[in-house]
Amino acid sequence: MKRTHTCNALTAADVGSDVRLIGWIDSLRDHGGIQFIDLRDREGLTQVIVDPTNAAYSGQIDRLRPESVVEIHGRVCARAEADINSKLPTGGIEVHAENLVIHNISETPPFPLEDEKAWKVNEDLRLQYRYLDLRRPAMYRTLRMRSEAAKATRDYLAENGFLEIETPYLFKSTPEGAREFLVPSRLNPGKFYALAQSPQQYKQMLMVAGVERYYQMARCFRDEDLRADRQPEFTQIDIEMSFIDREDMYALVEGLLARMWKDVLGVEIPRPFPRMAYHDAMNRYGVDKPDTRFDLEIVDLGELFAQSDFKVFRGVLDSGGVVKAFNAKGLADATQGEMRDLENAAKSLGAKGLAFIRVSAEGEWKSPILKFFSEAEVAALKERLAIEPGDLVFFAAAEWERACSILGRIRLDAARLLQQRGRLSIPTDRYNFLWVIDFPLMIFEEAEGRYVAAHHPFTAPVEEDADLLESNPKAVRGQHYDCVLNGSEIAGGSIRIHQPALQRKVFEEVLKIPADVVEERFGYMLRSFKYGAPPHGGIAFGFDRIVSILAGRPMIRDVIAFPKTQKGQDLMADGPTAVTARQLRDVHMQSLPIDA
RNA sequence: GGGGUAGUAGCUCAGUUGGUUAGAGCGCCUGCCUGUCACGCAGGAGGCCGCGGGUUCAAGUCCCGUCUAUCCCGCCA
């Protein structure tokens, strides 16, 4: 080994020993007659004393630059009392260099590598030089947390009898779900693989195969537009179990998350997790992944305005819609710009406008719609929404789901504004895990004029609802469950259908997929179910999202070693690229002009 | 596909109603310095103001287009 110790290892106990250290020059302080080098490796920093008169290396030290890699041979010395640096674990000692080997002189880095400065650097530059970005302690820390989270996962699942099994990334195209990355087949001219968007079908086949307990840290590929929390390739903790029901899955998952939080953060999380029905989540928080760390809950005003003279509200109610509101407590001083942003956000979700009541510090109500309310309605609003001076109340009147979504979005935006004003605190070290359950199995897709699976077509209906499959599909609840943490969906799964007849019925009669298409896409699956498919169910965790929450980073790019940009580019290696005509010919493809 | 934000020195940014030679901090280079740890001091170099077009006597600044990054909507069974 080139080193005897890491740069975080030496303490007063090592004084007098001869050591070899190797690492990067974190900083270089030249005082003329004496020079200080902070030598850095992934573990920490050690101060090295360089004597410019030392003939063993005096000819070389002028070449030293920050980020160069050097090997130091020297003796550990105690620092004088006044020179001790209490900010460093190694601050009580320093290494006096007796010899120095320069392994690599570094050019000046294109951006500062100090954590506090680097976070402000343009991300495209950091991505282009990702190997330098990752050298920063904060980035190394997230990589390490990710590794620890993966290890906790493997430890826990292995202890619970799970087998880690790899499934193919090269799968066949199943255009039912997300857009896929296509891979041309050289050996099968004109045919294509698709990169797996998830191991869903394989893991169910493993259950038919009698594996009983499967998991995998699976890479998944989806060719959809990206977001701060979405990458074209991402990692799932993919789990499937046989002979279980929903309660077994909740217990397993709660145990796994508790283990991760314990092993990575040293935090005990309370169990069992609370549960909330999808309808309650939408009604109270306006989303299916509520952040329950703060209130600002939505209130239904249907009864209040059922007989109202205010035509806008009354009309929506009469046509089957809802009227809802929530009190953004203490936000009456929202600026015009902020109100405009909120209204635009509401409009982007299909609102016609964003009605509000602003209550001044003196208690005066100001609102464009106030004149339409009766005195009784005003009094009732005040009571239902606990309206006080300084409050700002938002309304939505629309069909149920739209009204919920609009206020759900405004609720989150309002919370952010309240946070900026210091009137609402949403602790980042609070972990509100939550099960969202009782999702509808199917939703009616207006554009296609048919029902589509809300989750995926393999989800089993809740048993007592199964009779409604044909008569009233939208009333059927699925045995689907989402695990939500602080407003992020971190896992989702379901108990699956394991009887071939029911699965075929869902495909053909409910989802209206033609029989020949069902046979082509899912024929093998239906066939397998005829040979004794066990009852089974599973779940998949968004591993990148979990790690980003553990690490306290707002975007998953920060917890992926080599992420892609919003346009799917790898700025470091510079992909994707064009390929040669020869490569295309090999896979029986031809490149056409873009506008052809 | 749509909407927003940003792009000025290696990095982070300032640049007023369009007006002389485009600035600051950090970094970089040179020199000095034996106790610093974001060392200090003195001096210096460094600019296609993203790119293309337009308006104007005059554009970093105004207009149009375009590229890149980013945030959001659609999309993500």
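Note that the coordinates shown come from a computational prediction; the quantities given were computed from them, not determined experimentally. Protein chains get the first letters and strands the later ones, always in sequence-line order, with residue 1 at the start of each.
Distance CZ (R496(A)) to C1' (A77(B)): 12 Å, rounded to an integer number of Å. Atom CG of D38(A) is separated from atom C1' of U36(B) by 9 Å (rounded to the nearest Å). As a whole-Å value, the separation of E123(A) CD from G7(B) P is 17 Å. The distance between atom CZ of R227(A) and atom P of G74(B), rounded to the nearest whole Å, is 7 Å. Between D570(A) atom CG and A69(B) atom P the separation is 12 Å, expressed in whole Å. G27(B) atom P lies 14 Å from atom CD of E67(A), rounded to whole Å.
Taking the side chain of P112(A) as heavy atoms from C-beta on, and the options A77(B), C11(B), U70(B), the nearest nucleotide is C11(B). If you check U12(B), A77(B), U36(B) against the side chain of K120(A), the one that comes closest is U12(B). Comparing A69(B), C76(B), U12(B) against the side chain of E224(A) picks out C76(B) as the nearest. Distances were taken from every side-chain heavy atom of A228(A) (C-beta onward) to each of C72(B), U12(B), G1(B); the shortest belongs to C72(B). With C76(B), A69(B), U36(B) as the candidates, the nucleotide lying closest to the side chain of Q569(A) is A69(B). Residue K117(A) places its side chain closer to A38(B) than to any other of C11(B), A38(B), A77(B). Closest contact between the side chain of D124(A) and the listed nucleotides A69(B), C33(B), C76(B) involves A69(B).
For S198(A) and T565(A), each mapped to the nucleotide of RNA chain B holding its nearest heavy atom, the one lying further toward the 5' end belongs to T565(A). Judged by closest nucleotide on RNA chain B, P109(A) is the one of P109(A) and Q566(A) placed further toward the 5' end.
The main-chain N or O of C7(A) is found under 3.5 Å from a side-chain atom of D41(A) such that the two form a donor-acceptor pair.
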Check the pair F507(A), R521(A) against side-chain contact (heavy atoms from CB on, under 4.5 Å), reporting the backbone distance first and the verdict last.
CA-CA 11 Å; F507(A) 281 143; R521(A) 291 191 195 149; over 6 Å; no

Start with the C-alpha gap between Y202(A) and Y214(A), add the side-chain angles, then the distance that decides, and say whether ring pair (Phe, Tyr, Trp, His ring centres under 6.0 Å) holds.
CA-CA 11 Å; Y202(A) 284 115; Y214(A) 143 91; 10.0 Å; no

Checking side-chain hydrogen bond (donor to acceptor under 3.5 Å, both in side chains) for the pair T167(A)/Q216(A): CA distance, chi angles, key distance, verdict?
CA-CA 8 Å; T167(A) 56; Q216(A) 175 180 199; 3.0 Å; yes

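Considering only heavy atoms from C-beta on, F522(A) comes within 4.5 Å of Q201(A) through its side chain.
With P112(A) as the partner, the side chain to side chain contact (heavy atoms under 4.5 Å, CB included) test is satisfied by one option alone out of K117(A), K120(A), R136(A): K117(A). When the options H498(A), E240(A), H536(A) are evaluated for a side chain to side chain donor-acceptor pair (under 3.5 Å) with Q204(A), the one that passes is H536(A).
No hydrogens or angles were tested; on distance alone, nothing pairs the side chain of R65(A) with the base of C29(B) as donor and acceptor under 3.5 Å. Put simply, the side chain of Q35(A) and the base of U34(B) share no donor and acceptor less than 3.5 Å apart. Donor-acceptor pairing under 3.5 Å, judged by distance alone, is absent between the side chain of R222(A) and the base of C76(B). The base of C37(B) lies close enough to the side chain of N85(A) for a donor and an acceptor atom to sit less than 3.5 Å apart. Interface remark: the E94(A) side chain does form a donor-acceptor pair with the G35(B) base, using a distance-only criterion of under 3.5 Å. One can find a donor-acceptor pair under 3.5 Å joining the base of C37(B) and the side-chain atoms of R79(A). For G7(B), the base has no donor-acceptor partner in the side chain of N122(A) [N/O atoms by modelled type, under 3.5 angstrom].
Of the residues in residues 52-61 of chain A, none has a non-hydrogen atom less than 4.0 angstrom from any atom of RNA chain B.
The shortest distance between the side-chain N/O atoms of K87(A) and the OP1/OP2 oxygens of A38(B) is below 4.0 Å. For the pair R29(A) and C39(B), the criterion of a side-chain N or O lying under 4.0 Å from OP1 or OP2 is met.
Applying the Watson-Crick and G-U wobble criteria (two distances, each under 3.5 Å), A6(B) pairs with U68(B). Of all nucleotides present, none satisfies the Watson-Crick or G-U wobble test against U16(B) with each distance under 3.5 Å. Using N1 to N3 plus N6-O4 or O6-N4 for Watson-Crick, or N1-O2 and O6-N3 for G-U wobble, each under 3.5 Å, U36(B) pairs with nothing. With a 3.5 Å ceiling on both atom-pair distances, A77(B) lacks any Watson-Crick or G-U wobble partner.
When the P atom is used for both A22(B) and C63(B), the distance is 24 Å, rounded to whole Å. For the P atoms, the distance from A58(B) to U12(B) is 34 Å, rounded to whole Å. Comparing the C1' positions of U17(B) and A42(B) gives a spacing of 41 Å, expressed to the nearest Å.
Both thresholds, 5.5 Å between centres and 30° between ring planes, are met by H31(A) relative to the base of C39(B), so the two rings are stacked. Judged by centroid separation below 5.5 Å and plane tilt below 30°, F36(A) stacks onto the base of U36(B).
One finds a salt bridge joining D38(A) and R29(A) here, because a Lys/Arg side-chain nitrogen approaches an Asp/Glu carboxylate oxygen to under 4.0 Å.
Among the atoms of the strands shown, none is found under 4.0 Å from any heavy atom of T174(A).
With a 6.0 Å radius and a threshold of 12 heavy atoms from other residues, nucleotides or ligands, Y193(A) has its OH atom at or below the threshold.
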